[in-house]
Novice: 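This is the structure I want to talk about, given as structure tokens.
Every heavy atom of this structure was used, including side-chain atoms; hydrogens, water molecules and symmetry mates were not. Numbering of ligands and ligand atoms starts at 1, following listing order.
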Amino acid sequence: SLDDGTETPHGALKLRVVAVSHHSDSLFHFQLERDPGFRFRSGEFAMLGLPLGGVPFRAYSIASAVWDDTLSFYSVKVPNGPLTSQLQYLRPGDSVLLKRKTTGSLVCDNLRPGTRLVLLSTGTGVAPFASLVLDPAVYDQFESVVLVHGCRTEADLRFAHELEARIRDDRLVDSVVQGRFRLVTTTTRELGHPSRRITDLLYDGSWHRGLAQPALDSRVDRVMICGSRAMLKDTRLHIEALGFDEGTRTRPGSYVVERAFVD
Ligand code: A2P
């Protein structure tokens with residue numbers, strides 16, 4: 001059992017799992033019921049744990065919309081991770097602990113006003129962007145939103161493709177977005193396909209030419225980056241060379257960055 005009756009710590013909620021979906025050997029997605037009092041800003045992360053003694057809380061980006069009835073999370077399965085090694089066995093009806101306080105740098109408040117929002121992610125780094133691209137406020141602030149997402153294989157892109165379908169198929173979301181969301185994907189280890197990292201698409205400009213859109217321009221574009229440590233390093237070097245400056249809570253900028261959390 002993933003519940004040994006351990007007391008729920010102060011400031012945490014105990015929430016039921018409503019759905020679990022295993023995308024591959026290494027990726028899964030789960031949904032929790034939402035406490036009506038639980039609030040967050042699109043792009044933030046929360047601390048998750050299990051009602052099991054000795055299992056630590058870990059940071060997880062919230063992948064669902066602020067207006068959703070459920071909270072969703074997208075995770076890797078790490079065999080030795082103190083939390084994900086357990087979380088991957090979750091089933092509907094189990095309980096997860098969630099701390100009430102959320103935080104994170106991938107929020108629109110940390111960016112100056114702009115016209116195009118460009119979201120750059122690899123792997124589970126796409127999770128906070130799912131929340132952002134489903135937020136009507138984001139489409140009030142930006143004329144268009146582009147999500148550029150890189151994974152090892154086509155199978156790993158399922159989360160992003162489902163997100164794109166949801167934006168298209170949900171009448172309310174679609175009426176706000178009105179064709180202003182675009183998804184660009186790339187893979188690096190798909191058999192029979194050339195390996196193209198997200199950084200390759202940035203260097204050669206193919207991500208924007210494929211959309212018939214202009215190149216990155218720090219005067220009008222705002223960028224958010226979320227991926228592995230190595231991806232962040234290479235991507236921020238590139239966009240800083242283009243004149244982008246990092247934003248913070250106290251000093252908004254033209255880009256923000258956060259490492260995708262891995263247990
Ligand atoms: P690659 O297959 O060439 O390592 P992971 O599953 O290891 O987190 O990787 C997710 C994706 O991020 C993979 O496609 C991986 O490519 C890519 N990636 C890894 N390092 C970098 C980097 N420094 N810059 C851009 N993409 C990267």
Side-chain angles (χ1 to χ4, degrees), residues 21-30 43 45 48 58-63 72-85 87-88 104-106 117-133 146-164 182-211 215-216 221-242 244 246 254-263:
S21 158
H22 291 271
H23 288 193
S24 66
D25 291 346
S26 58
L27 294 167
F28 72 113
H29 175 230
F30 57 98
F45 63 85
L48 291 186
R58 283 285 188 265
Y60 269 85
S61 289
I62 303 170
S72 69
F73 301 91
Y74 185 47
S75 178
V76 287
K77 303 176 193 177
V78 183
N80 304 316
L83 182 63
T84 66
S85 61
L87 273 184
Q88 60 185 297
S105 49
L106 303 176
L117 180 63
V118 180
L119 307 168
L120 306 172
S121 63
T122 53
T124 55
V126 69
F129 298 156
S131 173
L132 283 154
V133 304
V146 182
L147 171 59
V148 190
H149 182 50
C151 286
R152 295 184 181 198
T153 65
E154 196 61 42
D156 294 345
L157 293 174
R158 176 170 146 194
F159 181 89
H161 287 308
E162 286 180 2
L163 178 64
E164 185 185 37
R182 304 295 294 274
L183 171 67
V184 177
T185 60
T186 188
T187 58
T188 51
R189 303 193 194 184
E190 186 66 37
L191 284 176
H193 290 267
S195 165
R196 303 197 66 222
R197 284 182 166 185
I198 190 168
T199 37
D200 297 322
L201 273 56
L202 286 174
Y203 301 148
D204 72 9
S206 55
W207 73 272
H208 65 84
R209 275 200 299 275
L211 300 172
L216 281 174
D221 287 319
R222 297 294 169 257
V223 176
M224 294 189 178
I225 312 169
C226 192
S228 63
R229 199 186 297 275
M231 177 274 196
L232 296 190
K233 179 166 162 278
D234 294 348
T235 310
R236 70 199 284 171
L237 262 178
H238 179 69
I239 70 151
E240 288 204 352
L242 295 176
F244 284 82
E246 186 172 359
S254 52
Y255 88 92
V256 286
V257 54
E258 195 138 78
R259 194 162 81 85
F261 303 104
V262 178
D263 214 347

Novice: What I want to know is whether Ala230 and ligand 1 share at least one N or O pair that is separated by under 3.5 angstrom.
Specialist: yes

Novice: If you measure from each non-hydrogen atom of Ala260 to ligand 1, which part falls under 4.0 Å: side chain, backbone, both or neither?
Specialist: neither

Novice: Would you tell me whether Arg152 and Ser24 have side-chain atoms, one donor and one acceptor, within less than 3.5 Å of each other?
Specialist: no

Novice: Say you draw a straight line from CD1 of Ile239 to CZ of Phe244; how long is it, rounded to the nearest 0.5 Å?
Specialist: 5.5 Å

Novice: So, Thr187 side chain and Thr153 main chain: donor-acceptor pair closer than 3.5 Å or not?
Specialist: no

Novice: Classify the angle between the aromatic ring planes of Tyr74 and His23 as parallel (below 30°), tilted (30 to 60°) or perpendicular (above 60°).
Specialist: tilted

Novice: Any protein heavy atom lying closer than 4.0 Å to atom 8 (O) of ligand 1?
Specialist: no

Novice: Please report the shortest heavy-atom distance between His149 and Val126, naming the atom on each side.
Specialist: CE1-CB, 3.4 Å

Novice: Among Leu106, Leu163, Val148, Leu120, find the one that has a side-chain contact (heavy atoms from CB on, under 4.5 Å) with Phe129.
Specialist: Leu106

Novice: Tell me, which protein residue and heavy-atom name are nearest atom 23 (N) of ligand 1, and how many Å apart are they?
Specialist: Asp234 OD2, 2.8 Å

Novice: Atoms of ligand 1 less than 4.0 Å from Thr122 heavy atoms?
Specialist: 11 (C), 12 (O)

Novice: Return the closest protein heavy atom for atom 13 (C) of ligand 1 as residue, atom name and distance.
Specialist: Thr188 OG1, 3.4 Å

Novice: Looking only at protein heavy atoms, identify the closest one to atom 25 (C) of ligand 1 and say how far it is in Å.
Specialist: Thr199 OG1, 3.4 Å

Novice: Which part of Arg197 is near ligand 1, with near meaning a heavy atom under 4.0 Å away: side chain, backbone, both or neither?
Specialist: side chain

Novice: Gly123 versus ligand 1: do any nitrogen or oxygen atoms come within less than 3.5 Å of each other?
Specialist: no

Novice: For ligand 1, is there an N or O atom under 3.5 Å from any N or O atom of Arg152?
Specialist: yes

Novice: Looking at every non-hydrogen atom in both residues, tell me the closest pair between Leu147 and Ser121 and how far apart they are.
Specialist: CD1-OG, 3.8 Å

